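Comments concern the structure below.
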Amino acid sequence: MSALARCSPIYYNCDACKCVSSSQNHQTSENRNLVTNRRSSKPNRLILHNRSKNPNDPSLTRALREFADSGLMEDALHLFDEMNKADVFVWNVMIKGFTTCGLYHEALRFYSRMVLTGIKADSFTYPFVIKSAAGASSLLEGKTVHAAVIKLGFDSDVYVCNSLISFYMKLGCERDAEKVFDEMPERDVVSWNSIVSGFLAVGDGVRSLVMFKEMMECGFKPDRFSIMSALGACSHVEDCLRMGKEIHCYAIRSGIEDVMVLTSVLDMYSRYSEVSYAERVFNGMSNRNIVAWNVMIGCYARNGRGVDAFLCFQKMSERTDVITLINLLPACEEILEGRTVHGYATRRGFLPHVVLETALIDMYGEGGKVKSAEAVFDRMGEKNLVSWNSMIAAYVRNGENYSALKLFRELWDWDWDWDSSSLVPDSTTIASILPAYAESLSLSEGRQLHAYVVKARYSSNTIVLNSLVHMYAMCGDLEDARKCFDQVVFKDVVSWNSIIMAYAVHGFGRISVCLFSEMVTTSGVSPNKSTFASLLAACSISGMIDEGWDYFNSMKREYGIDPGIEHYVYMVDLIGRTGNLSSAKRFIEDMPFVPTARVWGSLLKASRNHNDITVAEFAAEQVLKMEHDNTGCYVLLLNMYSEAGRWEDVDRIKLLMKSQGVSKTTSCSTVVTRGRTHVFTNGDRSHVETNKIYEVLDIVSRMVEEEEEEEEESYVHCVSKMRPETLLKKKRNSPRRHSVRLATCLGLISTETGRAVVVRNNTRICRRCHEFLEKASKVTRREIVVGDSKIFHHFSNGCCSCGNYW
DNA sequence: ATAGGGTTAG
């Protein structure tokens with residue numbers, strides 16, 4: 001060991017060579033790595049001079065501070081090398097310098113060097129070190145430092161504790177943060193602010209507000225920091241508009257009205273859709289920065305004020321940033337400027353940018369431009385879970401369930417062992433994909449997803465549970481839909497709408513109505529447009545005519561909700577059901593909307609059910625004007641004409657269909673047994689258990705005493721003109737071998753006896769099958785649930801929940 | 001000398 005080293009009290013453990021060298025030698029070589037473009041200073045007399053216990057020259061210390069404070073860490077390092085390191089202060093200056101530059105790892109390395117050198121850290125050291133541990137997101141280092149803090153007795157220092165609170169909050173350890181806070185011998189405003197903003201940061205807005213209140217009760221006056229956090233909490237917690245307004249008033253009274261505070265106020269009003277309040281705050285701001293403009297644009301864009309959003313955007317001219325565009329995009333759907341904004345973003349060089357690209361996917365998805373959304377998604381260099389979720393949602397929203405499921409499976413099968421950054425479906429993913437399962441009717445896969453929901457601990461998430469309710473209901477399992485609904489602790493309007501609709505489509509309108517009154521009397525949740533849509537659906541499907549009218553009339557009168565076109569559709573169904581078709585027609589003519597194909601379709605269905613060809617022809621004409629490829633419309637006419645024996649009309653429609661390129665959809669039914677989905681077409685003999693299925697069908701048919709096929713007039717007509725192969729096809733299409741019966745029979749023999757047999761059918765069930773299923777439910781003593789293209793029929797003990805009208 | 005801060009996509 002050199003004389004130089006021996007006279008120095010400072011030794012340094014070298015990690016690289018395991019030697020113990022003098023700090024001077026080692027540091028110089030190590031620092032050379034950091035300070036690449038400068039020559040390191042050579043040891044000289046000055047250093048020998050400084051090796052003594054003499055304190056550092058005040059001018060040197062001042063210079064070091066100046067370097068560090070202005071971010072010149074290279075210069076600071078040089079100077080540091082030449083100074084006496086027995087002094088804690090110089091270490092603190094260095095650590096602080098690195099921390100403020102964001103060189104957190106460097107700061108932490110300096111701290112450990114300091115400890116290893118034998119210098120005792122003081123109460124000034126720790127706040128910086130802890131901040132660096134937070135910045136480096138290193139829970140382990142932070143906890144180690146915390147241990148040292150306790151050992152050295154700094155755990156009563158306000159500054160140290162305040163930084164510990166922020167550290168733990170930043171790393172999501174709110175319990176540790178709270179413990180530090182609770183055990184502090186004295187707290188100041190910063191302690192309170194740290195805990196209030198911390199709870200907000202970990203997503204617990206409620207506790208944030210609770211602490212804010214407690215802070216005031218303890219006699220602390222909220223400052224601008226407290227106000228900003230509390231306003232943020234109000235924005236993230238439901239029903240806190242009042243509280244937000246109170247805080248706004250407090251800010252005004254206390255004269256705290258700087259740009260940042262006002263921007264927080266603005267954001268709070270924006271999130272509560274209080275556009276005029278937001279405008280007032282924005283207009284009253286003496287100087288606005290880009291953030292304020294962005295918030296105002298977002299406020300307009302998300303509240304149906306697209307034009308104003310664009311006006312703001314124009315006023316900003318080129319002073320826009322990526323966030324401006326992200327906020328502007330929701331307005332594009334309304335203004336139809338999506339592509340323009342996309343182009344603008346490209347020209348300004350804002351792309352690629354994950355959040356902006358994700359916002360573009362949403363925008364295209366909302367506007368029905370799935371292909372554009374897909375193009376953005378496919379070209380993204382960096383994708384996060386949100387991007388995947390948006391793309392899945394875009395597919396689902398536009399009915400591309402197959403693509404949605406494919407993408408979801410890709411995400412699902414992600415190689416999670418590859419590294420920790422791999423993407424794991426979250427509650428949003430689940431809530432987005434579940435409707436696709438509901439639409440694609442794959443109950444077994446939906447169940448698998450439910451299992452995942454439980455495993456991933458999303459089973460108390462309202463949004464997830466709501467979509468599970470919907471999925472189960474649409475897949476035919478009303479019982480499990482109800483179970484999920486009952487599991488929702490915090491029921492929102494969507495929860496209620498989902499369950500009301502579930503009972504409605506299953507033909508239990510009475511229960512829907514009861515649930516509605518429970519909703520308005522006890523739950524405290526206010527009904528919205530969709531609630532009434534579900535309710536009117538329930539009334540129309542279950543034939544509750546008077547109630548339907550009552551609800552329709554009370555919508556506007558009692559709840560201030562204007563009926564939309566969807567409500568009129570259900571009303572046409574409802575009126576049509578009574579058989580008063582002229583009244584239904586008049587209702588359509590008097591409604592304040594241009595009738596859609598769906599509205600006329602509703603009248604068409606009613607005229608078919610009441611066998612009124614004249615009205616049917618009129619309604620069909622209207623439908624075909626708008627949708628000349630509407631298969632269902634042609635088929636319905638075809639059936640009505642053939643039942644009436646109007647063969648020339650039958651042929652005319654057939655010709656029309658051919659010219660329009662429309663063909664009858666092949667009717668098929670599916671049933672799930674032991675997790676496997678079986679598909680049947682009419683007269684299908686392709687199933688491995690075909691013989692067994694037909695045997696069962698025979699037995700059940702005999703039990704229900706269905707009469708041998710009568711040679712109906714229509715049948716005779718067809719037969720007489722048919723070629724042999726067509727005749728064979730016709731025979732296969734006999735109601736006695738309809739797919740729905742085949743699927744039901746397989747269901748009867750391969751599912752548990754206690755459970756209902758659930759069959760899905762892509763077309764409307766024919767009268768004869770309906771009758772068959774009614775009787776079959778009685779003789780087999782099984783509940784049979786059949787979902788057709790619109791509703792579910794629950795056959796039980798000889799009766800159907802649809803009351804024989806569908 | 002030290003600690004705490006506003007905007008964005010689902």
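Here the structure is a predicted model, which is why all the values come from computation and not from measurement. No hydrogens, no waters, no symmetry mates; every other heavy atom, side chains included, goes into these values. In what follows, chains are A, B, ... by sequence order, proteins preceding strands, each numbered from 1.
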Of A/His146, A/Lys143, A/Arg175, A/Glu178, the residue whose pairing with A/Tyr168 passes side-chain hydrogen bond (donor to acceptor under 3.5 Å, both in side chains): A/His146
Looking at A/Phe110, does the NZ or CZ of A/Arg113 lie under 6.0 angstrom from its six-membered ring centre and within 45 degrees of the ring axis? yes
Kindly indicate whether a cation-pi arrangement holds for A/Lys383 with A/Phe377, taking the cut-offs as under 6.0 Å to the six-membered ring centre and within 45° of the axis.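 Output yes; distance and angle both within limits.
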Ignoring backbone atoms, test whether A/Arg65 places a side-chain nitrogen or oxygen under 4.0 Å from the OP1 or OP2 oxygen of B/dT2. no
Is there a side-chain contact between A/Lys96 and the phosphate of B/dA3, meaning an N or O under 4.0 Å from OP1 or OP2?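 It does not, given that no N or O in the side chain of A/Lys96 lies less than 4.0 Å from OP1 or OP2 of B/dA3.
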Return the value, rounded to whole Å, for the distance between atom [atom1] of [X] and atom [atom2] of [N].
X	N	atom1	atom2	answer
A/Ile247	B/dG6	CD1	P	15 Å
A/Asp267	B/dT8	CG	C1'	10 Å
A/Leu152	B/dT2	CG	P	22 Å
A/Arg271	B/dT8	CZ	C1'	9 Å
A/Leu356	B/dT7	CG	P	19 Å
A/Asn162	B/dG5	CG	P	11 Å

Distance-only donor-acceptor test, [X] side-chain atoms vs [N] base atoms, 3.5 Å:
X	N	result
A/Asn389	B/dA9	no
A/Asp223	B/dG4	yes
A/Asn289	B/dG6	yes
A/Asp362	B/dG10	no

Heavy atoms only, 4.0 Å cut-off, all strands: where does [X] land among base, sugar-phosphate and nothing?
X	result
A/Arg62	nothing
A/Phe89	base
A/Asp426	base
A/Phe128	sugar-phosphate
A/Ser123	base

Within a reach of under 6.0 Å around OH of A/Tyr277, are more than 12 heavy atoms found that belong to other residues, nucleotides or ligands? no
Salt bridge present between A/Glu246 and A/Arg253 (N-O < 4.0 angstrom):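 Looking at A/Arg253 together with A/Glu246, the answer is no, because their closest N to O distance does not fall below 4.0 Å.
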